[in-house]
Structure formats: structure tokens, C-alpha cells
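A short write-up of the structure that comes next.
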Amino acid sequence: MTDTTQSLDALPLRDDLRGRSPYGAPMIDVPVTLNVNENTHPMPQEVVEAITREVAQVAVTLNRYPDREFDTLRAELSAYLGHGLTPDQVWAANGSNEILQQIMQVFGGPGRSVMSFVPTYSMYPLLADGTNTAFIAGRRAADYSLSAESAVEQIQQHSPTIVILCSPNNPTGTGLGLDVIEAVYDAVSTYNGIVVVDEAYAEFAQDRTQTALTLLPGRRNLIVTRTMSKAFALAGARLGYFAADPLIADAVRLVRLPYHLSAVTQATAIAALRHRTELLGNVDDIRSQRDRIVNRLRELGLTPAVSDSNFVFFGGLKDEKAAWNYLLERGVLVRDNGIPGFLRVTAGTEAETSAFLEHLSTYIETFEP
Ligand code: PMP
């Protein structure tokens with residue numbers, strides 16, 4: 001990337017984008033990469049072979065545009081989600097980032113706003129900027145929790161067109177009670193707003209029955225987004241999706257690009273879904289590595305948040321930048337979300353998790369006893 005501040009000023013950039021920075025989690029080639037919440041377990045060989053076979057089959061059809069309605073993929077996704085969902089309630093795009101962008105394109109825009117409760121996923125304000133939607137940063141309690149009462153009060157104050165609830169929340173990792181989602185929905189319904197529950201990490205939750213999918217019946221303006229980037233270990237394939245009323249899927253058809261999901265993407269996702277037992281087989285190990293991190297960090301006197309995800313957000317560091325650098329110098333990349341005293345680490349394989357814990361223990365014992 002060039003020195004953007006200098007070069008972008010010379011361009012006829014939209015005024016509202018001047019001075020903005022792009023999404024920028026560092027991409028550094030190190031042995032232990034635990035900074036973007038990927039599934040770091042190796043892809044099972046049989047799944048690699050199944051994807052290869054499925055992609056080989058579509059390769060001969062690549063002279064044609066793909067299935068614009070991705071019927072087979074929507075059927076596979078609705079079968080995976082269960083909860084009585086039908087294919088017409090499911091929509092997919094290139095990552096849940098594109099899903100969120102489409103939602104903001106169709107329901108946001110000039111004169112409209114989107115509210116989320118910070119700290120939360122850093123892409124929400126960027127997607128708001130890109131779609132010229134005002135971003136309203138709602139507040140959380142000092143321990144980063146969000147009560148129904150506080151969320152509703154803030155919504156009543158601002159009446160945002162769209163509310164995004166990230167559950168489990170990134171970067172804190174903690175899931176939101178369904179009572180909060182119900183209360184937010186009721187508040188937003190008074191003016192026909194939209195509620196998005198971003199469940200990118202749902203498969204890692206302590207209690208997997210606590211999903212907003214159970215709230216969909218009778219709630220036309222509720223959208224639950226998911227991704228294959230995390231539990232399904234398919235970040236590189238770019239496949240995100242949502243479940244909602246069929247009318248919501250019809251609405252995003254107004255803004256999606258024609259044939260936005262390539263035939264290769266569809267084939268890859270279909271093969272992965274058909275082999276979900278093998279792929280999701282690593283989820284339990286990731287959850288136990290996560291719990292191991294939480295326990296060890298507590299022993300070290302740090303304050304890890306309750307995690308329903310594949311990462312742990314922990315505070316109690318005197319100098320998080322020094323800790324981040326110390327780990328990086330030893331080949332372990334974690335995430336600094338810019339919150340003083342806190343870092344975030346993805347639960348890796350057993351060996352990766354051990355490397356992180358050993359180096360962090362030494363750092364604490366040496367520099368922050
Ligand atoms: N939502 C949340 C909360 C995330 O953390 C991420 C990825 N870090 C995404 C959405 C986007 O994921 P993807 O576009 O890969 O589906």
C-alpha cells in the first residue's frame with residue numbers, strides 16, 4: 001500500500017471519506033498467528049479432497065455465469081442451521097462483511113444511522129462510512145456488558161435505522177442474553193427499524209442453544225448473520241450468510257451485484273457443508289484451548305472476559321503494547337484492539353496455545369510481576 005494520506009488527498013475522493021483509514025489488522029508472517037480469530041487447525045484431508053472434486057466439476061462450467069440464486073447452497077445452509085428455516089430465508093455473500101455491507105446498502109444510506117455498542121467489531125463503522133450511513137457508538141457498562149435497559153434507553157435516544165448486536169461480541173468474546181435482543185427488537189419495532197445479530201462465532205458458545213435464530217419466527221425485521229470463516233475453517237473461501245424473513249432476502253437482491261457468488265465459492269461452500277461433521281470436529285478442541293487460556297491467564301493474575309467465542313479478551317496488563325511486542329518478537333502475533341491494558345488472542349491448536357501461554361507467562365513474571 002502507498003502512503004495513503006499523501007496520495008489520496010490528490011484524488012477527487014468523496015468528502016465524507018477524507019481522512020478515513022482502511023481496515024488494517026497487521027498481516028505479519030510469523031509462526032503463530034493468533035490475531036484475526038481464524039480457525040488455525042489444519043483442514044482435514046478428506047475435506048480438502050471433497051472441495052477439490054467439487055471445484056473440478058464446476059471448472060468446466062466457468063465459461064457461464066454462476067447460479068445467481070445459489071439454490072443448492074441456500075438449501076445446504078438452511079439444513080445446517082435447522083430451527084425450521086427454509087432456503088428462501090437464507091442469503092449468502094462473500095463473507096459476512098459483504099452481508100453486512102448489503103444490509104447497510106439497502107436499509108442505511110444518507111440521512112440514516114446504524115448503532116452498535118462499542119467496543120465491538122471494527123468493521124461496523126467502516127461499513128457505515130462506505131455506505132454513507134451515520135455510525136452511532138452506543139455505550140456498554142464498565143465491564144463491557146450490555147443490559148436490556150441500557151440498550152433500549154440508548155436506542156430510544158437516537159432511533160437508529162439499524163442496530164447491530166454482535167453476539168458473541170468481538171473483541172470481548174462474550175455472548176448477549178436473548179432477553180437483550182428481544183428488548184432491542186421491541187424498541188426498534190416502534191419505528192420499523194432493523195436489528196442485526198452478528199453471530200460469527202456462534203458455534204463456539206458455551207451454550208449453543210442460545211442463538212437468535214430461535215427469535216426469528218414473528219420478527220420480520222430481525223436478521224441473524226453467520227459465517228463459514230470461523231468454526232468451518234473457511235476464511236479463505238469468503239462465505240457469509242444470514243437467516244431472516246424471506247422479504248429481507250428480497251430486499252438485499254435490490255443491491256447485490258449480479259452473480260456476486262462465484263461458482264467456485266458456491267462449490268467450495270457446498271462441499272464444506274456436506275462434510276461439516278469432519279470440519280466442525282475441531283470446534284470442541286478450540287473451545288477447550290480457549291478455556292485453557294482463560295484458566296491460565298487467571299492464574300497469572302490477569303482478567304480474561306467470559307468467552308463464548310474462539311478468542312479471549314484479557315485485561316490487567318500494565319503495558320499491553322510492550323506485551324504485544326514481546327510476543328511478536330518470539331513469533332506469536334496477537335491483537336491489540338487499542339484498549340489500554342487489554343489484548344485479544346485467538347485460541348489456536350494445542351501447540352500454538354502453549355507457545356502463547358509460555359511466552360506470556362515469562363513476560364508477566366519478568367516485566368509485570
Ligand atoms: N463479524 C464479526 C464479529 C467478525 O469478527 C468477523 C471477522 N473477524 C466478521 C463478522 C466478518 O467475517 P467474514 O467476512 O470473514 O465472514
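Start at 1 and go down the list; that is how both ligands and their atoms are numbered.
Within 4.0 Å of ligand 1, protein heavy atoms belong to G95, S96, N97, Y121, C166, N170, D198, A200, Y201, T227, S229, K230, R238, listed by chain and number.
Ring geometry, W91 versus H260: the interplanar angle falls under 30°, so the pair is classed parallel (tilted spans 30 to 60°). Between F204 and Y201, the ring planes lie tilted relative to each other; the angle falls in the 30° to 60° range.
Here ring-ring contact (aromatic ring centres under 6.0 Å, His included) pairs that include residues 328-350, with residues two or more places apart or in two chains, are Y144-F342, F313-F342.
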Please determine whether side chain to side chain contact (heavy atoms under 4.5 Å, CB included) holds for the pair N221 and V195, giving the CA-CA distance in whole Å, both sets of side-chain angles, and the decisive distance to 0.1 Å. CA-CA 6 Å; N221 290 16; V195 176; over 6 Å; no

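Note: H359 and W324 fail the aromatic proximity criterion, with ring centroids not under 6.0 Å apart.
Using a 4.0 Å cut-off between a side-chain N of Lys or Arg and a carboxylate O of Asp or Glu, R330 and E358 do not qualify as a salt bridge.
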